[in-house]
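This report concerns only the one structure given below.
When a ligand or atom number is given, it counts from 1 through the structure's own listing order. Quick caveat: nothing in here was measured; it's all calculated off a predicted structure. Heavy atoms only: backbone and side chains are in, while hydrogens, waters and symmetry mates are out.
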Amino acid sequence: MQRLAPALRQDNVPLDLISLIKTILAATKEISFRVSQAHLGGLMGSTLDENIQGEVQKKLDVVANELFKDILLESGFVRAISSEEEDTSVAGDEKGKFVVSFDPLDGSSNIDINSLIGTIFSIHEAIPGMDAEDPAQFQQQGNKQVCAGYVLYGPSTMLVMTTGSGTHFYVLDRTHGGYLLVERNVQVPKDTQEFAINMSNQRFWQQPMQNYINDLIAGDTGPRGKNFNMRWIAAMVGDIHRVLTRGGLFTYPADSKKPEQPYKLRLMYEANPMSFLIEQAGGLAMTSTGRIMDIDPNDIHQRVEVIMGSANEVEACLSYYK
Ligand code: AFP
């Protein structure tokens, strides 16, 4: 099995980006260890704080964020970072070539039940001549990402990453401490009979999504003429990993639960990196009105509607909005 650095060189990834990726992965190895220790390290439960989005922070969220922040800002490769757990972007090295957005621990509600969680990251080149302090560094579309990935802290610790030459799976080999390539050029099957959505929000969805899901549930007695299965891990990393592994449709649609906040998932460190991975694996990553990676970001914590996965199923879903 190939080690990470030669696999990246094979994809012609520039050396400075390889160095940054290795820096990010150093942090994930420590997070993987801390997650596996959980109760033993006294890291279960919540802090007394909320992040800027009003969500209660778990102790592990905070530890993972500090680890990432420190390692990235000390690396010299990074002009600025933005994180789910930071109110604003944080300046790094003025000469840093990259900006990094990340969700240090996605799926926090799964921490206390010893279930799937992961780290999501997205890398853009810094805008030439723009100050590290300037939050406009992050106003770049997803289609400008030079690398995106996630690390899943499951039964094995897996890295799923793209630098624009396909989406590849790696596994952390604890015997030598590095990530090994286990599957190159993963492909999301075009068709699927599996979907992932938080059904408890059904009454708050717009009518097209209500109609689409009703038709999936009707199965072989409805217009789709086939039965569908539903899965929901409540951590986007876990749900997208399943879609990348065996296909499926994942959606977090617009809803009217909180009128001031019609969308749940965050563009910069959830939707954009997952879109890059899904598209590089032959899937589609859309809102009901267009491609996610073509959205012009206006805020580091911007939220967005998400419909992604198996190409033909995403098209089928979008046809209800026409
Ligand atoms: P947290 O990491 O902030 O807990 O949120 C996880 C997440 O943003 C995403 O990973 C899930 O798909 C989604 O929330 C699940 O949310 P609900 O189960 O509350 O609908």
Side-chain angles (χ1 to χ4, degrees), residues 28 31 34-35 38 43-47 49-68 82-87 101-122 148-154 158 160 194-206 209 213 230-244 248-258 261-275 277-278 285-287 292 299-309:
T28 66
I31 296 170
R34 302 266 189 134
V35 165
L43 288 175
M44 299 305 280
S46 303
T47 63
D49 296 327
E50 286 184 350
N51 64 20
I52 194 170
Q53 297 157 80
E55 299 158 341
V56 173
Q57 288 180 306
K58 302 280 183 182
K59 288 181 192 164
L60 267 172
D61 278 331
V62 174
V63 167
N65 186 56
E66 290 303 317
L67 269 167
F68 253 90
S82 70
S83 159
E84 183 186 9
E85 306 303 338
E86 297 288 331
D87 298 358
S101 302
F102 56 91
D103 180 350
L105 266 191
D106 178 63
S108 318
S109 63
N110 282 351
I111 292 174
D112 293 338
I113 59 166
N114 196 18
S115 188
L116 273 184
I117 46 178
T119 297
I120 310 174
F121 57 91
S122 160
Y150 60 82
V151 172
L152 193 64
Y153 308 110
M158 283 192 80
V160 176
E194 206 159 58
F195 67 99
I197 191 166
N198 184 341
M199 284 297 296
S200 68
N201 294 328
Q202 182 164 26
R203 68 187 186 283
F204 301 109
W205 301 332
Q206 295 168 335
M209 186 55 77
I213 296 292
M230 198 205 84
R231 287 283 181 270
W232 185 248
I233 292 175
M236 192 185 191
V237 275
D239 283 307
I240 293 300
H241 192 64
R242 187 186 57 256
V243 170
L244 282 167
L249 178 126
F250 170 87
T251 179
Y252 216 111
D255 66 49
S256 58
K257 209 168 168 183
K258 290 189 208 157
Q261 185 193 298
Y263 313 122
K264 163 109 191 198
L265 298 181
R266 276 56 58 104
L267 176 65
M268 303 302 290
Y269 40 81
E270 290 181 320
N272 266 342
M274 293 311 197
S275 296
L277 292 166
I278 289 278
M286 308 289 287
T287 69
I292 290 173
D299 185 273
I300 55 170
H301 299 299
Q302 181 174 348
R303 295 175 189 261
V304 67
E305 180 183 29
V306 168
I307 305 169
M308 59 171 72

Region of L265 that comes within reach of ligand 1 [heavy atoms, distance under 4.0 Å]: side chain
Where ligand 1 meets R266 - atom numbers and elements under 4.0 angstrom, heavy-atom basis: 3 (O), 8 (O)
Within ligand 1, which atoms have a heavy atom of L105 less than 4.0 Å away? 2 (O)
Derivation and outcome, side-chain contact (heavy atoms from CB on, under 4.5 Å), residues L116 and V237: CA-CA 8 Å; L116 273 184; V237 275; 5.8 Å; no
Counting each atom of ligand 1 from 1 as listed, which ones have a heavy atom of Y252 under 4.0 Å away? 16 (O), 17 (P), 20 (O)
Side chain to side chain contact (heavy atoms under 4.5 Å, CB included) involving Y252 - partner list, sequence neighbours excluded: N198, N201, W232, D255, K264, L265
Taking both backbone and side-chain atoms of E270, is any N or O found less than 3.5 Å from an N or O belonging to ligand 1? yes
S108 heavy atoms, cut-off 4.0 Å: which ligand 1 atoms fall inside? 1 (P), 2 (O), 4 (O)
Test side-chain contact (heavy atoms from CB on, under 4.5 Å) on V151 and M158; report intermediate values, then the result. CA-CA 5 Å; V151 172; M158 283 192 80; over 6 Å; no
For D106 and M236, indicate whether the former's side chain and the latter's backbone hold a donor-acceptor pair under 3.5 Å. yes
N or O contact, N198 vs ligand 1, cut-off under 3.5 Å: yes
For atom 9 (C) of ligand 1, which candidate among M236, E84, M274, M199 holds the nearest heavy atom? M236
For ligand 1, which part of D106 has a heavy atom less than 4.0 Å away: the side chain, the backbone, both, or neither? both
Got a sec, which residues hit ring-ring contact (aromatic ring centres under 6.0 Å, His included) with F102, two or more places apart in sequence or on another chain? F68
Per-atom filter on ligand 1: closer than 4.0 angstrom to a heavy atom of A235 are 10 (O)
Please name the pair of heavy atoms, one in V304 and one in R266, separated by the smallest distance, quoted to 0.1 Å. CG1-C, 4.5 Å
Please answer whether the main-chain N or O of E86 pairs with a side-chain N or O of H301 as donor and acceptor at a distance below 3.5 Å. yes
